[in-house]
Amino acid sequence: MRIEQSSLRTVPADVCAVFSLPGRNNDVPQRDWEQYAAPGAIGPNSPAEVDEALIEVDPKCATDLMAYLAVDELVFPGRPRRDRAHARRAAARVVELLGYGSAWHTNISDLSDRVRAWSSVTRHTFDRVVVGTGNGFTVVLLQVGED
């Protein structure tokens with residue numbers, strides 16, 4: 001599955017705001033997570049940089065990506081962490097709840113066989129995110145890992 005680039009700026013700004021917290025220095029949204037990142041790791045420093053890492057996807061792709069994140073181990077793939085069919089049903093339900101016209105974004109650009117391509121949204125070695133907005137809700141599935 002190859003995913004094309006699109007801008008998050010085409011949807012409400014609150015999508016990017018999920019990566020920052022009110023009352024905090026949102027110029028460095030990962031500050032609270034910094035202690036968990038690999039020493040010397042680099043990554044985005046602002047919501048604008050997170051925005052640049054995200055691409056728009058359709059609801060079917062969002063369903064596939066959320067099921068993938070729920071099942072597959074990010075750092076050491078191979079053994080499923082949970083039932084694939086159950087994860088797919090749960091992801092499809094989330095997409096359904098956000099409704100028609102929902103907007104979906106991810107930092108995952110390619111999930112072809114034996115290929116895992118993404119743009120970082122944190123300062124972790126591995127990170128994958130799927131973000132959806134619709135029906136007054138914002139949903140974020142973020143998975144991070146270190147090897």
Side-chain angles (χ1 to χ4, degrees), residues 1-34 36-37 41-75 77 79-146:
M1 161 189 335
R2 185 96 178 127
I3 303 168
E4 299 300 318
Q5 178 71 37
S6 179
S7 176
L8 180 62
R9 293 183 192 96
T10 62
V11 298
D14 65 351
V15 175
C16 203
V18 301
F19 294 97
S20 59
L21 299 171
R24 301 267 179 105
N25 177 356
N26 291 327
D27 291 332
V28 187
Q30 279 76 21
R31 182 168 288 149
D32 291 337
W33 290 43
E34 200 168 338
Y36 303 108
I42 57 171
N45 286 319
S46 69
E49 290 178 8
V50 171
D51 174 43
E52 290 174 12
L54 298 177
I55 53 178
E56 187 170 9
V57 295
D58 62 37
K60 183 199 176 310
C61 183
T63 302
D64 293 343
L65 292 173
M66 285 189 289
Y68 158 74
L69 290 178
V71 172
D72 294 320
E73 168 63 40
L74 186 63
V75 180
R79 208 173 82 220
R81 294 183 303 167
R82 61 187 41 89
D83 179 65
R84 204 170 293 281
H86 176 78
R88 183 139 185 68
R89 284 191 307 272
R93 180 69 178 133
V94 169
V95 169
E96 180 184 331
L97 289 171
L98 267 60
Y100 178 78
S102 58
W104 292 93
H105 293 83
T106 187
N107 68 329
I108 303 168
S109 57
D110 195 347
L111 278 182
S112 303
D113 287 342
R114 292 188 263 176
V115 174
R116 299 293 179 259
W118 72 96
S119 298
S120 291
V121 293
T122 70
R123 292 184 180 173
H124 292 271
T125 303
F126 302 97
D127 64 15
R128 309 290 192 282
V129 69
V130 178
V131 179
T133 59
N135 282 335
F137 296 100
T138 298
V139 173
V140 179
L141 178 55
L142 174 65
Q143 186 183 60
V144 297
E146 298 297 334

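The first residue in the sequence is number 1, and the count goes up from there. These numbers come from a predicted model, not from an experiment.
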What are the two closest non-hydrogen atoms of [X] and [Y], and how far apart are they?
{"X": "Phe126", "Y": "Val75", "value": "CD1-CG2, 3.7 Å"}
{"X": "Val95", "Y": "Thr63", "value": "CG2-OG1, 3.2 Å"}
{"X": "Asn107", "Y": "Ser119", "value": "ND2-O, 2.8 Å"}
{"X": "Cys61", "Y": "Asp58", "value": "N-OD1, 2.7 Å"}
{"X": "Leu69", "Y": "Arg81", "value": "O-NH2, 2.7 Å"}

Sub-4.5 Å side-chain heavy-atom contact between [X] and [Y]:
{"X": "Val140", "Y": "Val129", "value": "yes"}
{"X": "Arg128", "Y": "Thr122", "value": "no"}
{"X": "Val121", "Y": "Leu142", "value": "yes"}

query: Looking only at side chains, do Ser102 and Trp104 share a donor and an acceptor under 3.5 Å apart?
result: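 Their side chains do contain a donor-acceptor pair, which is all the 3.5 Å distance test asks for.
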
Whether Arg84 side chain and Val71 backbone form a donor-acceptor pair below 3.5 Å: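 Judged by distance alone, no pair lies under 3.5 Å.
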
message: Determine whether a donor-acceptor pair (N or O, by modelled atom type, separation under 3.5 Å) exists between the side chain of Glu146 and the backbone of Thr125.
response: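 Side chain of Glu146 to backbone of Thr125, a donor-acceptor pair under 3.5 Å: yes, one is there.
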
With rounding to the nearest 0.5 Å, note down the distance linking [atom1] in [X] to [atom2] in [Y].
{"X": "His105", "Y": "Ile55", "atom1": "NE2", "atom2": "CD1", "answer": "9.0 Å"}
{"X": "Gln143", "Y": "Met66", "atom1": "CD", "atom2": "CE", "answer": "13.5 Å"}
{"X": "Asp64", "Y": "Ile108", "atom1": "CG", "atom2": "CD1", "answer": "10.5 Å"}
{"X": "Glu49", "Y": "Leu54", "atom1": "CD", "atom2": "CG", "answer": "12.0 Å"}

message: Closer than 4.0 angstrom, basic N to acidic O: yes or no for Asp83 and Arg88?
response: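 Here Asp83 does not pair with Arg88 in a salt bridge, since their nearest N and O are not under 4.0 Å apart.
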
